Amino acid sequence: MSDPISPRKRTGIVIGLSALLLAIIIPAKRASFARFGSDTSADSIAAALDSIDTTYVEPSIPDSAYLGDDRPVDRAGYEDGYTSGHTDAAMRQGRGTYDEQNPYPTGERDAYVRGYREGYNAGQNYGREHPTADPKHDRRTIEDLVRESDERLR
């Protein structure tokens, strides 16, 4: 039979393990702070962000690829293109999210691509005209965007 551990021994074991963990964690944290530097001024953060290579941006997947999309093909292309164009202009990343790929059958792909290109150009123009606007702070509602896409497709 084994002897149960007394509460006093159990407390001692917990305190000992806690001290051991702290002895390992504290030097590791200090080393990581030293490695990354302690200067967190706005200038150093901006310099770090400027050094990031943004020449390649992962292509986005059009909404129509993963949603049960019941929009007309040309409207889906226009809206997907507008979103990509606006994002690229607002983020100043060239054609970073430009992607004409679509899940439509061969006969409908051309309509999607035409709508996508038109929407992309419109989104780029809007993004250039409103450089501080980004998709997260766009004041237009989804109804406004749908109305705008309807007007442009007529």
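Model, not experiment: these values are computed from the prediction. The analysis underlying the following values was restricted to heavy atoms, covering all of them including side chains, and did not include hydrogens, waters or symmetry mates.
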At what distance, to the nearest 0.5 angstrom, does [atom1] of [X] lie from [atom2] of [Y]?
| X | Y | atom1 | atom2 | answer |
| --- | --- | --- | --- | --- |
| T87 | Q124 | OG1 | CD | 9.5 Å |
| Y126 | Y82 | OH | OH | 6.0 Å |
| L21 | I26 | CG | CD1 | 10.5 Å |
| D110 | E100 | CG | CD | 10.0 Å |

Looking only at non-hydrogen atoms, find the nearest pair between Y78 and A122 and report the distance.
OH-CB, 3.5 Å
Could you report the tightest heavy-atom contact between I5 and K9, atom names first, then the distance?
CG2-CB, 3.6 Å
Polar contact flag, side-chain donor to acceptor under 3.5 angstrom, Y120-D88:
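Looking only at side-chain atoms, D88 and Y120 do form a donor-acceptor pair, the distance falling under 3.5 Å.
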Classify the side-chain pair Y112/D80 by whether it contains a donor and acceptor separated by less than 3.5 Å.
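On atom types as modelled, these side chains qualify, holding a pair under 3.5 Å.
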